[in-house]
There are 2 protein chains.
Amino acid sequence: MLLNLSYTEENYIKAIYRLEQDGKPVNTNDLSEQLRTAAASVTDMLKKLKQKKIVHYKAYYGCNLTDNGRKHALMIIRRHRLWEYFLSKKLGFNWDEVHDIAEELEHVGSTSLINKLDAFLGYPRFDPHGDPIPDEQGHIIKLQNKLLSAVPLHTPVEVVQIGDQSANILELLNEKNIRIGTILEIRKRFSYDQSLEIKAGGKQITQISKELSQNILVQEHE
Amino acid sequence: MLLNLSYTEENYIKAIYRLEQDGKPVNTNDLSEQLRTAAASVTDMLKKLKQKKIVHYKAYYGCNLTDNGRKHALMIIRRHRLWEYFLSKKLGFNWDEVHDIAEELEHVGSTSLINKLDAFLGYPRFDPHGDPIPDEQGHIIKLQNKLLSAVPLHTPVEVVQIGDQSANILELLNEKNIRIGTILEIRKRFSYDQSLEIKAGGKQITQISKELSQNILVQEHE
DNA sequence: ATAAAAATTTAGACAAATCTAAAAAAAATA
DNA sequence: TATTTTTTTTAGATTTGTCTAAATTTTTAT
């Protein structure tokens with residue numbers, strides 16, 4: 001049912017999916033930045049993906065995934081997140097090491113491989129960063145998480161997801177002993193740079209920059 | 001220490017390693033057949049691999065792996081066989097389904113991935129087809145197995161390895177209930193086509209073609 | 001030893017994905 | 001609205017791995 005796509009095409013689809021979250025069309029320039037590829041190359045690829053009915057594309061307007069394209073995206077994400085779970089839970093990698101390896105493994109396309117891996121792992125619903133794993137049909141749990149930056153003072157919240165997947169952010173969070181499940185509470189908010197002073201895990205006090213606070217997703221804690 | 005190679009280059013190295021087993025130089029034509037690629041393309045690639053010091057190559061003569069090339073080959077084989085073991089033992093695939101998937105997984109190059117996978121699997125020494133798995137240093141157990149075609153009549157032997165890895169042969173062996181560990185005994189040998197009549201697993205009588213008998217490796221059974 | 005056959009390499013072309021530089025369109029600004 | 005700036009596309013070139021057809025070298029057979 002789904003076409004066989006090249007490694008490169010899959011990376012474009014993933015990037016479009018990521019940038020598309022609000023329904024608006026995705027710019028060529030934003031895509032070119034996301035993929036670190038010249039804008040001219042992106043234009044070429046978008047024409048190709050249009051031909052394959054993976055994106056809607058109009059010159060000078062931008063692109064969106066078709067229903068079919070979105071299915072592809074969800075399958076790639078499913079593969080990526082299942083491998084991340086495997087690497088972290090079975091092979092003992094740290095959560096800040098799994099992303100790059102999963103980035104390669106996700107392109108191995110066999111459907112039966114992924115479904116058997118899913119079963120082997122016990123049908124996990126979230127990857128080690130707290131992101132939901134789409135099921136075999138491409139259904140994905142929608143979370144109503146808040147950004148830490150939007151949480152009021154003195155309200156205990158639980159870390160449930162990290163927005164950015166770079167090794168850099170995960171290294172920083174490790175340093176501060178913040179991981180999925182950690183309870184946070186904001187003590188002060190500095191309006192000068194919108195940085196925060198928080199209590200992490202019930203005792204440790206630490207400073208959080210604006211950028212970081214916009215990449216930590218939390219839920220209320222009882 | 002080892003260079004980063006493309007998917008394609010790795011496939012050439014694997015094919016050369018396979019054809020090189022007896023130390024003699026590998027012909028361009030044999031390689032081109034093995035890889036299902038035009039001989040002219042093979043010539044081009046051999047020049048490139050020579051530049052990268054992966055093969056010794058002289059025009060009209062043939063090629064051999066350098067010591068460095070052989071190290072690469074052993075690492076690719078290590079990755080392939082560890083994935084085959086994982087697919088078969090952990091995910092529950094049949095042994096005739098694992099080869100093609102491992103063929104893709106083997107190109108994911110992370111060394112720490114493979115070493116952690118090895119540990120997770122308990123450092124297995126043989127893959128599901130009975131082939132030895134090279135260790136982290138590239139050491140590989142040399143087996144002195146016999147081809148079934150070379151075994152005398154009425155001598156019980158144990159299947160320890162399958163030479164050819166195609167799904168076709170494995171399907172045929174499944175049909176005949178022959179797998180690693182099965183005890184075989186040759187009952188008759190037909191000189192017309194060198195086919196065999198054998199007893200498999202102590203009771204079942206079945207016919208084996210010459211081709212098949214040259215791809216079943218066995219050891220003496222007590 | 002010489003001619004015929006087989007194997008291998010060279011030459012030139014092609015497809016995929018990329019690039020830079022220039023042109024064109026859309027958006028922002030005056 | 002006219003002009004400038006930004007974004008996007010077109011044009012033409014590059015790299016990797018591939019192909020076919022022709023030329024060359026090696027091997028085989030007469």
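Every chain is numbered from 1 and lettered A, B, ... according to where its sequence line falls, protein lines coming before strand lines.
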Rounded distance in Å - [atom1] ([X]) to [atom2] ([N]):
X     : N      : atom1 : atom2 : value
A:R36 : C:dT18 : CZ    : P     : 14 Å
A:Y60 : C:dA26 : OH    : P     : 7 Å
B:D44 : D:dT16 : CG    : C1'   : 11 Å
A:E10 : C:dA16 : CD    : P     : 17 Å
A:K50 : D:dT9  : NZ    : C1'   : 14 Å
A:K52 : C:dA16 : NZ    : P     : 8 Å
B:L46 : C:dT10 : CG    : C1'   : 15 Å
A:K58 : D:dT9  : NZ    : P     : 12 Å

Contact class for [X] (heavy atom, under 4.0 Å): base, sugar-phosphate, or nothing?
X     : answer
A:Y12 : sugar-phosphate
A:A40 : base
A:N27 : sugar-phosphate

- line: On DNA chain C, more 5' by nearest nucleotide between A:A59 and A:T8 is A:T8
message: Taking only side-chain N and O atoms of A:K47, does any of them lie within less than 4.0 angstrom of OP1 or OP2 on D:dT9?
response: no
- request: Check whether any side-chain N or O of A:T28 sits under 4.0 Å from OP1 or OP2 of D:dT9, and answer yes or no.
  value: yes
Please pick, from [options], the nucleotide with the shortest atom-to-atom distance to any side-chain atom of [X].
X     : options               : answer
A:A38 : C:dT20, D:dT9, C:dT9  : C:dT20
A:N29 : C:dT18, D:dT20, D:dT8 : D:dT8
A:T43 : D:dT7, D:dT18, D:dT10 : D:dT10
A:Y57 : D:dT9, C:dT18, D:dT18 : D:dT9
B:T37 : C:dT10, D:dC19, D:dT9 : D:dC19

field: Reported CG-to-CG distance for the pair A:L2 and A:L74, which is rounded to 0.5 angstrom
entry: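 Taking CG in A:L2 and CG in A:L74, the distance rounds to 10.5 Å.
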- request: Could you check B:N11, B:V26, B:N64 and say which one makes a side chain to side chain contact (heavy atoms under 4.5 Å, CB included) with B:I16?
  value: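 Going through the options one by one, the only one that passes is B:V26.
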- request: Tell me whether the guanidinium CZ or amine NZ of A:K90 lies under 6.0 angstrom from the six-membered ring centre of A:F120 and within 45° of its axis.
  value: yes
field: Polar contact flag, side-chain donor to acceptor under 3.5 angstrom, B:D193-B:S195
entry: yes
- prompt: Would you say the side-chain atoms of B:K50 pair up with the backbone N or O of B:K58, donor to acceptor, closer than 3.5 Å?
  reply: no
